[in-house]
Structures are given as structure tokens and as C-alpha cells.
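Okay, so here's the structure we're looking at.
All values derive from a computational prediction rather than experimental measurement.
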Protein chains: 2
Amino acid sequence: MNEIDKKLLDKEVRPTAMRTLVYQQLAKQNTAVALTDIELAFTKADRTTLYRTVKTFEEKGIVHQIDDGTGISKYALCEPGCNCEIENDLHLHFHCSNCDKTVCLTEHKIPQISLPDGYVAEDVNLVVKGICSDCSGS
Amino acid sequence: MNEIDKKLLDKEVRPTAMRTLVYQQLAKQNTAVALTDIELAFTKADRTTLYRTVKTFEEKGIVHQIDDGTGISKYALCEPGCNCEIENDLHLHFHCSNCDKTVCLTEHKIPQISLPDGYVAEDVNLVVKGICSDCSGS
DNA sequence: AATTATAGTGCAATGGAAGTGCATTAACTT
DNA sequence: AAGTTAATGCACTTCCATTGCACTATAATT
Ligand SMILES: [Mn+2]
Ligand SMILES: [Mn+2]
Ligand SMILES: [Zn+2]
Ligand SMILES: [Zn+2]
């Protein structure tokens, strides 16, 4: 059994052929990807299957969903050690308005946010929009 | 001429009957509203008109659009003194997972965010999800 | 190994919200 | 009043997310 299948089993996801391939595909990326992106990489697989694969991954803490403000959900593998299922990994995300790519800035954690009395925080989403390092040419 | 129309003119928006009414409606709210919410308040007006009214308001800095992570755009009047057209008013937003309401926490500005080298920030969106003061009962 | 149960996949269809084209109507200008 | 420009209403489109159901593969049981 290969490494990926072990990881899937570890997260209580049965390693089907499709799932292994999708995981591989995600592991290749250095940006967060939309479902459509995955779809393009697997012309033979059905969109629904990919959709449900990613949803399963999300539920089991293998990927996290990213709302980058474009209206299209992006997904990225969770870092090793990230316990998404239990506690969110509150790093920030960056969306480039030039190349339209979205990246996880895993090292940049979201600062503690103070809220008015009576408000209870459960989750925080912080997205910075601007020009990424590839596009700023510096 | 009434107060609302003055405000609209001040922002270079011609105060039509429809626009004045939409502004009034927005002023009544204490939460951010979706287009559908506005639609419900104006059963006689067409969705498109309301849509374009809100878009115009947004372009002219009368309202700001809020992406609260639900996938449905919300809108709220800008605070007096907010110069949205020129510079974003970077306050945080709170979305209640219980009552599904989204509020502007105008007093809570988004802290300065540090980015990796080469990244240039243009805009920041910070949304906290959790339980609002109405729902937490405290 | 054959049978049964369970989980995954593919296809078709739906839903919700955002957005556009165009004809009509209202508002402003001269 | 006539002409011009902007706003409105209706119909239609697009895009992505999501679901129902039949079919197939995988796992468990006999
Ligand atoms: Mn991330
Ligand atoms: Mn706001
Ligand atoms: Zn870029
Ligand atoms: Zn609430």
C-alpha cells in the first residue's frame, strides 16, 4: 500500500482509485484549486464524483475549503499536523487579482480578534486580495 | 428635498423614487442584507432594478458589499465618513451561524497584516463566524 | 466461491444567485 | 415641446453548487 492510501485510511477515508488520484493531483498544486480545475485534470471522471470526493476530503480534514471572495470555492490539502476536523487551522489566504490564483499562507496565522460583548467566535476567515509575488515581479 | 436625496446627490447618484426607497430600506436595517431581502421588501419592484440600484450604490460608495462566506452577497450602508470609493473601510464582519445574520462591526478595524516578500495587499476581508449577541443570550 | 450489504460512481436534473440585452418609460436639458 | 439621456421591467442566460436515482465496485458474511 502506498503513502497516499495510508494517509487516506488514517483519516478514515477508503482509498478508492479515484480518491488516490485526486489526492495526488491536489498534492501537485502549489495553489488552491477550484472544482473545475480538478475536473480539467480528469476528463474521464464525472464532475459529481470529484465534487463528492472533495467534500469527503473536507469532512475528514484532508482538505480545507477556501472562500477567496471570487464566489468559487477553492480547496487545498491541509498541512501535516493540521487538525481541521477538531480545530481550524486559522492561516490566512491570499488571492491575486492579476493571475486569479489563491494561495494558502500557512505560516501566517490570523491574529486574535476582539469582539463586542456577547459575540462568540467559532471560525475566522481572513483573505487578502492583491498582487502575488509571481505577478509583482519582485 | 429630503435628507436621503441630498445624500444620494452628494454621491453623484440621481435620486429616483426607487433609489430613495431602497436607501430608506437599507437605513432601517441593523444587519447587512442580501438582494433577496430587499426584493421581499419591494414586491412591486423588479429584481433587476433592485440589483442595479444596489450596484450603483456600491460603485458610488453608498453601500459596501460583504462576502460573509455564505456565498450570498450582503450589502450595508457605509458609515458617514467612510470613503469606500477611495479607500476601503476595513472593518470586520460577523456572521452568526445561528440566526444567519451578518453585521458590520464598524468599530473593529482589521489589524495590519504582514505578508511574505513580493506580495502586495490591495484589499482585506475579515469575517468572523460564530454566535451573535442576540443568539448567545448574554 | 457465491451471496448479501455497503459504499462509490455516473448521469441527469434541479436550484439559487448573479448578470446581460433590449424594449419601454421616466427624467432631465435645451 | 422636442430631443436626449438615464432608469426601469421583462425575459433570458450563465455559472457553480447540489441532489436523486440507478448502476457498479468493494467489502463483509455465509
Ligand atoms: Mn489554506
Ligand atoms: Mn460592513
Ligand atoms: Zn498573481
Ligand atoms: Zn445570531
Side-chain angles (χ1 to χ4, degrees), chain A residues 1-2 4-6 8-9 11-26 32-60 62-76 95 100 102, chain B residues 1-2 4-6 8-9 11-26 32-60 62-76 95 100 102:
Chain A
M1 172 165 317
N2 68 59
I4 291 177
D5 289 4
K6 275 183 203 151
L8 294 182
L9 279 174
K11 296 281 188 178
E12 296 180 311
V13 172
R14 288 164 58 177
T16 65
M18 202 63 250
R19 286 170 178 171
T20 309
L21 288 169
V22 171
Y23 189 103
Q24 257 171 24
Q25 181 64 20
L26 288 169
V33 293
L35 187 61
T36 308
D37 298 325
I38 304 175
E39 214 184 337
L40 290 173
F42 295 99
T43 44
K44 299 197 68 176
D46 187 75
R47 194 186 152 77
T48 315
T49 304
L50 298 170
Y51 170 76
R52 287 196 263 233
T53 298
V54 170
K55 279 290 161 201
T56 303
F57 282 6
E58 190 192 350
E59 281 159 20
K60 300 301 177 126
I62 294 169
V63 304
H64 59 283
Q65 191 183 34
I66 300 153
D67 171 21
D68 62 9
T70 60
I72 299 165
S73 289
K74 305 287 164 61
Y75 301 89
H95 177 246
D100 198 44
T102 299
Chain B
M1 171 164 316
N2 66 59
I4 291 178
D5 289 5
K6 275 183 202 150
L8 295 181
L9 278 174
K11 297 281 189 178
E12 295 179 313
V13 172
R14 290 165 55 179
T16 65
M18 202 64 250
R19 285 170 176 171
T20 309
L21 287 170
V22 171
Y23 191 103
Q24 256 170 27
Q25 180 66 20
L26 289 169
V33 293
L35 187 61
T36 308
D37 298 325
I38 304 175
E39 213 185 335
L40 289 173
F42 295 98
T43 44
K44 298 198 71 176
D46 188 73
R47 227 191 88 80
T48 314
T49 304
L50 297 171
Y51 171 76
R52 286 197 262 236
T53 298
V54 170
K55 278 290 161 202
T56 303
F57 282 8
E58 190 191 351
E59 280 158 21
K60 301 297 180 149
I62 296 170
V63 304
H64 58 284
Q65 191 182 36
I66 301 154
D67 171 18
D68 61 10
T70 59
I72 300 166
S73 290
K74 305 288 164 62
Y75 301 90
H95 176 247
D100 198 44
T102 298

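Minimum interatomic distance between A:Tyr23 and A:Ile62 (heavy atoms only, all atoms of both residues): CE1-CG2, 3.6 Å.
Atom P of nucleotide C:dG8 and atom CG of A:Leu8 are separated by 11 Å, given to the nearest angstrom. In this entry the distance linking CG of B:Asp37 with P of C:dA18 reads 11 Å, nearest Å. When the P atom of D:dA17 is taken as reference, atom CD1 of A:Ile38 falls 10 Å away, rounded to whole Å. If you take CD of B:Glu59 and P of C:dG19, they are 11 Å apart, rounded to a whole angstrom. Remark: C1' of C:dG8 and CZ of A:Phe57 are 12 Å apart, rounded to the nearest angstrom. If you measure from atom CG of B:Asp68 to atom P of C:dA17, you get 12 Å, rounded to the nearest angstrom. For the pair A:Ile72 CD1 and C:dA17 P, the computed distance is 17 Å after rounding to whole Å. Atom C1' of nucleotide C:dC11 and atom CD of A:Glu39 are separated by 13 Å, given to the nearest angstrom.
Proximity of B:Ser73 to the phosphate of C:dA18: a side-chain N or O atom is located under 4.0 Å from OP1 or OP2. For C:dG19, one of the phosphate oxygens OP1 or OP2 lies less than 4.0 angstrom from a side-chain nitrogen or oxygen of B:Lys55. An OP1 or OP2 oxygen of C:dG8 is reached within less than 4.0 angstrom by no side-chain nitrogen or oxygen of A:Thr49. Listed pair B:Thr48 / D:dT8 fails the phosphate criterion, with no side-chain N or O lying under 4.0 Å from OP1 or OP2. Side-chain nitrogen and oxygen atoms of B:Tyr51 include none within less than 4.0 Å of the OP1 or OP2 phosphate oxygen of C:dA18.
Within the 3.5 Å criterion, the main-chain N or O of A:Thr53 finds no donor-acceptor partner in the side chain of A:Arg19.
The 12-atom threshold is not exceeded at CD of A:Glu12, counting heavy atoms of other residues, nucleotides or ligands nearer than 6.0 Å.
Looking at heavy atoms from C-beta onward, A:Asp46 lies out of side-chain contact with A:Tyr51 at the 4.5 angstrom threshold.
Expressed to the nearest 0.5 Å, how far OG1 of A:Thr102 lies from NZ of A:Lys74 amounts to 3.5 Å. One distance of note links NZ of B:Lys6 with CD1 of B:Ile4; it measures 11.5 Å at 0.5 Å rounding.
Of the residues listed (B:Asp100, B:Thr70, B:Asp67), the one engaging B:His95 in a side-chain hydrogen bond (donor to acceptor under 3.5 Å, both in side chains) is B:Asp100, and it is the only one.
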Per-nucleotide protein contact along nucleotides 22-28 of chain C, 5' to 3', at a 4.0 Å heavy-atom cut-off (B base, S sugar-phosphate only, - neither), is B----SS
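Across all strands, B:Arg47 comes closer than 4.0 Å to base atoms (heavy-atom distances).
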